Amino acid sequence: MSETELTFDRVRGALLSSFPELLERIWNTFGSYYDLEKGTPEETPEAYPVFEDVVQELMFELLESGQDETLLTRLFLFFEDMANSPDSNVSDLMRIAILENLVYRRENLRQAWKYMGPKTREFAVWEANHQGRPENLPPSSI
């Protein structure tokens with residue numbers, strides 16, 4: 001995906017196009033709140049809840065289980081696209097919904113480091129310093 005394509009208005013759709021396997025998780029998480037069968041924008045969760053409640057949870061599950069490195073790699077490639085988006089709302093979404101909690105969890109951050117692209121790493125370092133948790137970063141990043 002080209003970074004010029006990834007705008008805040010399109011990020012949710014881009015996520016679902018890139019990760020159709022997330023649809024069931026989204027259904028299980030939000031099905032009682034939205035009429036997902038209609039598929040209209042009013043009846044689907046916004047980007048922040050999807051990334052905070054579904055994508056973040058999946059990322060932590062994958063990091064902790066050590067399984068499905070292919071999916072983890074794909075997720076972090078998508079995060080890198082978000083980090084490089086010219087739309088600051090997209091990079092803010094990635095920083096808030098993904099990196100804030102990831103940086104808080106030292107072992108998960110260190111496991112995730114090898115999957116991160118350069119811009120995602122740059123944001124992770126900034127977030128760790130901002131949170132006062134630079135010790136959570138891998139030693140090679142300092």
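Just so it is clear, the structure is predicted and the values come from calculations on it, not from any experiment.
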task = Search all heavy atoms of Ala124 against all heavy atoms of Leu109 and return the closest pair with its distance.
result = CB-CD1, 4.4 Å
message = Do Trp113 and Ser140 have side chains that approach each other closer than 4.5 Å (heavy atoms only, starting at C-beta)?
response = yes
inquiry  = Within the structure provided, determine whether Asp53 and Phe30 are in side-chain contact (heavy-atom separation under 4.5 Å).
reply    = yes
task = Report yes if the side chains of Glu135 and Arg106 come closer than 4.5 Å at any heavy-atom pair, otherwise no.
result = yes
inquiry  = Just verifying a value: how many Å separate Glu52 CD and Asn101 CG, rounded to the nearest 0.5 Å?
reply    = 8.0 Å
query = Taking the six-membered ring of Phe60 as reference, does the NZ or CZ atom of Arg105 fall below 6.0 Å from its centre and within a 45° cone about the axis?
reply = yes
message = Nearest 0.5 angstrom please: Glu80 CD to Met116 CE, how far?
response = 10.0 Å
query = Would you say the side chains of Gln131 and Glu127 form a donor-acceptor pair under 3.5 Å?
reply = yes
query = So, do Ile26 and Leu16 sit near enough that their side-chain heavy atoms are less than 4.5 Å apart?
reply = yes
ask   = Is Arg25 paired with Glu61 through a side-chain N to carboxylate O contact shorter than 4.0 Å?
value = yes
query = Can you tell if the side chain of Tyr115 reaches within under 4.5 Å of the side chain of Leu77, non-hydrogen atoms only?
reply = no
ask   = Nearest 0.5 Å, what's the OG-CG distance between Ser65 and Leu72?
value = 8.5 Å
key: Lys/Arg-Asp/Glu bridge criterion (N-O < 4.0 Å) met for Arg74, Glu69   = no
task = Decide side-chain contact (heavy atoms from CB on, under 4.5 Å) for Thr120 and Asn84; before the verdict, give the C-alpha distance in whole Å, the side-chain angles of both, and the deciding distance to 0.1 Å.
result = CA-CA 8 Å; Thr120 306; Asn84 283 302; over 6 Å; no
task = Can you measure from CD (Glu107) to CG (Asn136) and round to the nearest 0.5 angstrom?
result = 9.0 Å
ask   = Under 4.5 Å between side-chain heavy atoms, hopping through other hydrophobics if needed: is there a path connecting Leu99 to Trp126?
value = no
key: In one Ile/Leu/Val/Met/Phe/Trp/Tyr side-chain cluster, 4.5 Å: Leu58, Tyr48   = yes
note = Heavy atoms of Leu75 and Val55 approach each other most closely as CD2-CG1, 4.0 Å
ask   = Parallel, tilted or perpendicular: which describes the rings of Phe76 and Phe79, with under 30° parallel and over 60° perpendicular?
value = perpendicular
query = Would you find a donor on one side and an acceptor on the other, under 3.5 Å apart, between the side chain of Gln56 and the backbone of Ala97?
reply = yes
task = Mark yes or no for whether Ser91, through its side chain, and Ser85, through its backbone, hold a donor-acceptor pair below 3.5 Å.
result = no
query = Given side chains that start at C-beta, do those of Phe8 and Asp92 come closer than 4.5 Å, heavy atoms only?
reply = no
task = State the OG1-CG distance between Thr7 and Asn89, to the nearest 0.5 angstrom.
result = 9.5 Å
Heavy-atom side-chain proximity of Leu102 to Leu63 below 4.5 angstrom = yes
query = Can any side-chain N or O of Arg110 pair as donor or acceptor with the backbone N or O of Leu137 at less than 3.5 Å?
reply = yes
query = So, the side chain of Ser18 versus the backbone of Leu15: is there a donor-acceptor pair under 3.5 Å, distance only?
reply = no
request  = To the nearest 0.5 Å, tell me how far Asp68 CG sits from Thr73 OG1.
outcome  = 9.0 Å
Cluster check Leu62, Tyr104: I/L/V/M/F/W/Y, side chain < 4.5 angstrom = no
task = Search all heavy atoms of Asn108 against all heavy atoms of Gln111 and return the closest pair with its distance.
result = ND2-OE1, 3.0 Å
key: Whether Phe78 and Phe51 hold their rings parallel, tilted or perpendicular, with breakpoints at 30° and 60°   = parallel
